[in-house]
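Below is one structure, written out as structure tokens; the observations come after it.
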Amino acid sequence: MYMQARAADGQIIEVQSPDEALEVYRHSTSHLMALAVTELYPDTRLGIGPAISDGFFYDFQRGTSFAEEDLAKIEQKMRDLVAQDLPYQPAIVSVEQAIKEFGGRDEQLKVELIKEKCDERLSCYRVGSLVDFCTGPHVLSTGHIDPKTFKVVSLAGSYWKGDEKRDRLQRIYGTAFLTEADLHDYVHRLEEAKKRDHRRLGKDLDLFSIHEKAGAGFIYWHPKGAWLRHTIESFLREDLLRRGYQFVVTPHVAKMDLWRTSGHADYYRQNMYLLNIEGEEFALKPMNCPEHVTIFKTHRHSYRELPIRMAEFGTVYRFEKSGVLHGTLRVRGFTQDDAHIFCTPDQVYDEVLGVLDLAEHVLRTFGFEKYEVELSVWDPNQKGKYVGEAADWNLATATLIRALEAKGLPYQRMEGEAAFYGPKIDLKLIDAIGRKWQATTVQFDFNLPERFDAGYIGPDAKNHPVVMIHRAIFGSLERFIGILVEHYAGAFPIWLAPVQAAVLPISEKFHAYANHVKQALQSAGLRVHLDDRNEKVNLKIREGQLQKFPYMLVVGGREETERTVAVRNRFLGDEGAMPLEKFIEKVNDLVATKAVRP
RNA sequence: GCCAGCGUAGCUCAGUGGUAGAGCAACUGAUUCGUAAUCAGUAGGUCGUGAGUUCAACUCUCACCGCUGGCUCCA
């Protein structure tokens, strides 16, 4: 057993799993925080206060705002309350009693919640002066919470029930762990994540910049970042060609006519950059699909030509609310590795399987071995929300499931999470420190073929609506590169690294030979940097390590005489001298095999 | 967009109403060096932008822009 807890019926129970114990502990700590807050600020009303993956939060309603300096006071108050060892006392009461109790305390949000969730009876917990509507269980008393295991972390705004039309609440985040060591590890993980932050590394490694003057959410790729992009694009382009894709290129701007046909003018307008030139309306494209359908429609297609797999590195522009922008992970202009597969219903299964296969291969190449799969399906009770026939939806959903099962991919079914135009599969990458990132998506689109009247001629010589599958593997290059930076903490595999080797002459006397080495590597197709500053080799190495160059080649008198290079590996340190040709061979081999580590 | 915090030199950050500071980077010079920072000197800022209060604003007030953490949304 991991912990004793008090269940809602007053019984002492023994919590049987560490996960459950942690949840009880955090939930109890969130009540402790709510007690501290309501004692310090009696004009505060309660929202909800659950345990979450990194700790807990509690939402409060209060006329005045909490300030950052209040957090320390709250934390101190919590410690005082721990010292008082107040019991968590459950009670089972009727709905009428509860509404009277919470109504009397002017806790209107709790009253609303109780009316919504409960029929007859419900449980409440009292701790000190705080009474909360709660199913429990909780720790026995505040004395069972170790003051060294929790922290009040941050302040945020939130909405009641997550609805921006409802009351604005103030959320206070905290974290708690069962042991002091766990809390310490958590703080350490946060620091580690901070070191990997792609915004920090993007600046330090000179990959990209964003400019206030030019607009938030637009990325300027510097030479090193651009190399990454080109390398990633070339890799995918070659792979797609092998898999029977064709590439197209479409404009960044189109007349509103096109967006009216596609429906974007009605349903996506608030996200679009609109232009009015000489009285005519245009928009920057927020999606590539309408233009791809436009190309598809330039010919009549026989079923014999299908499937057509039409790919583009398509740059799209979407107005996003200022508060959501985040480095390269959430921007206003980005390039999707987009493709649309036009096919017949009986080709759908093979095509979906092909996309999953592609995703697996691509993601593995970039060092992502693990990912989570979500299948988003419609809500059959709300058929009015969706376009397309039930038969299409059922076929598409069944096909997605069949393909997932064939690949042996476990998945989570997300009821009612499908887009209005079709069901989809999303893959979430899990990076080196366990965080999840949305990347690959495979979506059916029942909307555009109908709106554009896109079809093919079947064996029966009749027109049939074409099946359209939208898919992206990286999602967007901006986001994917941001994820890659954080995944590798900037130390890219050598095939991706913007600088693959740096040549470090130990003094000016060896610049000639260093130049020779640089030329030789460059001629062999490698990306190389010559550090010919008048600095000590120690400094060059330090900076080279911080720049995460995969290899540094120290050259001095010995190397010049013996026509070698002294190889320093970014991870392993000094590897000793080797002939220049041998080094080139070694690196070319690592590049060709796309080795994740040298 | 909403809540809170923040915006000072290229970068990291001091500076609470009275003449703008440090370290690193840059530049100049010296040093010619063997696996994570050589030494010295020089230069660099309308303190995010615009209004207002004041004899006086980096500092106080308001608006706007941007950033950070969340909410909502999303590739």
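These values consider heavy atoms only, across backbone and side chains, with no hydrogens, waters or symmetry-generated copies. First the proteins, then the strands, lettered A, B, ... as listed; each starts at 1.
- Across the protein-nucleic acid pair, A/K213 atom NZ and B/G48 atom P stand 16 Å apart, rounded to whole Å.
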For nucleotides 65-75 of chain B, 5' to 3', base contacts (B), sugar-phosphate-only contacts (S) and non-contacts (-) with protein non-hydrogen atoms under 4.0 Å give BSSSBBBBBBB
Anything under 3.5 Å between a protein N or O and an N or O of nucleotides 11-13 of chain B, put it in a table, one pair a line.
from: B/U12; atom 1: OP1; to: A/R200; atom 2: NH1; distance (Å): 3.3

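- A distance of 6.0 Å or more separates the ring centres of A/F247 and A/Y245.
- Comparing the same atom, C1', in B/U54 and in B/G18 gives a spacing of 12 Å after rounding to whole Å.
- Contact between A/A176 and A/R26 at its shortest, heavy atoms only, is O-NE, 2.8 Å.
- In terms of position on RNA chain B, the residue among A/L169 and A/R558 whose nearest nucleotide sits closer to the 5' end is A/L169.
- Considering only residues two or more places apart in sequence or on other chains, A/H211 meets the side-chain contact (heavy atoms from CB on, under 4.5 Å) condition with A/S209, A/A214, A/Y220.
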Residues 315-327 of chain A, side-chain donor-acceptor partners within the protein, below 3.5 Å, at least two apart:
from: A/T315; atom 1: OG1; to: A/T335; atom 2: OG1; distance (Å): 2.8
from: A/R318; atom 1: NE; to: A/P286; atom 2: O; distance (Å): 2.8
from: A/R318; atom 1: NH2; to: A/P286; atom 2: O; distance (Å): 3.1
from: A/E320; atom 1: OE1; to: A/R330; atom 2: NH2; distance (Å): 2.8

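- Between A/L546 atom CG and B/A36 atom P there is a gap of 12 Å when expressed in whole angstrom units.
- Look at the P atom in both B/G5 and B/G50: the space between them is 24 Å, to the nearest Å.
- To the nearest whole angstrom, the two C1' atoms, one in B/U8 and one in B/C67, are 15 Å apart.
- Aromatic ring centres of A/F446 and A/Y386 lie farther apart than the 6.0 Å criterion allows.
- Across the protein-nucleic acid pair, A/L553 atom CG and B/U35 atom C1' stand 12 Å apart, rounded to whole Å.
- Using atom P as the reference point in both B/U42 and B/C24, the two lie 14 Å apart (nearest Å).
- For A/F57, the ring pair (Phe, Tyr, Trp, His ring centres under 6.0 Å) partners two or more places apart in sequence, or in a different chain, are A/Y173.
- Using a 4.0 Å heavy-atom criterion, one finds that A/D574 contacts the bases of the nucleic acid, with or without backbone contacts as well.
- Of the charged side-chain nitrogens involved, none lies within less than 4.0 Å of a carboxylate oxygen, so that A/E75 and A/K151 do not count as a salt-bridged pair.
- Here the separation of B/A57 from B/A51, taken at their P atoms, is 13 Å to the nearest Å.
- For the side-chain contact (heavy atoms from CB on, under 4.5 Å) test, residues two or more places apart in sequence or in another chain that qualify with A/D532 are A/H511, A/L530.
- When each of A/E543 and A/I506 is assigned the nucleotide of RNA chain B with its nearest heavy atom, A/E543 is the one assigned upstream, toward the 5' end.
- Heavy atoms of A/R568 sit under 4.0 angstrom from at least one base atom.
- If you measure from atom CZ of A/R533 to atom P of B/U28, you get 14 Å, rounded to the nearest angstrom.
- A straight line from CD of A/E535 to P of B/C24 spans 12 Å, rounded to a whole angstrom.
- Rounded to a whole Å, the CG atom of A/D531 is 16 Å from the P atom of B/G34.
- Among the heavy atoms of the strands, none lies under 4.0 Å from A/G544.
- Within the nucleic acid shown, A/E575 has no heavy atom closer than 4.0 Å to any nucleic acid atom.
- The side-chain hydrogen bond (donor to acceptor under 3.5 Å, both in side chains) analysis of residues 555-568 of chain A, with sequence neighbours excluded, yields the pairs A/Q545-A/R568.
- Aromatic ring centres of A/Y551 and A/F583 lie closer together than 6.0 Å.
- A/M552 has its CE atom 14 Å from the C1' atom of B/A37, to the nearest Å.
- With sequence neighbours excluded, the residues satisfying side-chain contact (heavy atoms from CB on, under 4.5 Å) with A/E543 are A/R533, A/L539.
- As judged by a 4.0 angstrom heavy-atom cut-off over every strand, A/V554 is placed among the base-contacting residues.
- Distance check on atom P: B/A25 versus B/U12 gives 15 Å, rounded to whole Å.
- Contact detail for A/D426 and A/S376: the closest heavy-atom pair is OD2-OG, 4.4 Å.
- The list of side-chain hydrogen bond (donor to acceptor under 3.5 Å, both in side chains) pairs with a residue in residues 479-488 of chain A, not counting sequence neighbours, reads A/H198-A/E486, A/R435-A/E486.
- When rounded to the nearest whole Å, the span between CG of A/D532 and C1' of B/U32 equals 14 Å.
- Separation of the A/F177 and A/F150 ring centroids does not fall under the 6.0 Å cut-off.
- Taking a pair as Watson-Crick or G-U with both hydrogen-bonding distances under 3.5 Å, the stems of three or more pairs touching RNA chain B are B:1-7 with B:65-71, B:10-13 with B:21-24, B:26-30 with B:38-42, B:48-52 with B:60-64.
- At least one cation-pi condition fails for A/R237 and A/F235: the charged atom is not both under 6.0 angstrom from the six-membered ring centre and inside a 45 degree cone around its axis.
- Between the side chains of A/T250 and A/E312, at least one donor N or O sits under 3.5 Å from an acceptor N or O.
- Of the possible donor and acceptor atoms, one in the side chain of A/D337 sits under 3.5 Å from a partner among the backbone N and O of A/G475.
- For B/G44 and B/A22, the P atoms lie 13 Å apart once the distance is rounded to whole Å.
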With the sugar-phosphate defined as primed atoms, P, OP1 and OP2, and the base as all remaining atoms, what B/S/- string results for nucleotides 40-45 of chain B, 5' to 3', for protein heavy atoms under 4.0 Å? ------
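- Rounded to a whole angstrom, the distance from the C1' atom of B/C55 to that of B/U68 is 38 Å.
- A/K586 and A/E575 get closest at one heavy-atom pair: NZ-OE1, 3.8 Å.
- A/F66 comes within contact range of the sugar-phosphate backbone alone, with a heavy-atom separation under 4.0 Å but no base atom that close.
- Near RNA chain B, defined here as any heavy-atom distance below 4.0 Å, there are no residues from residues 511-518 of chain A.
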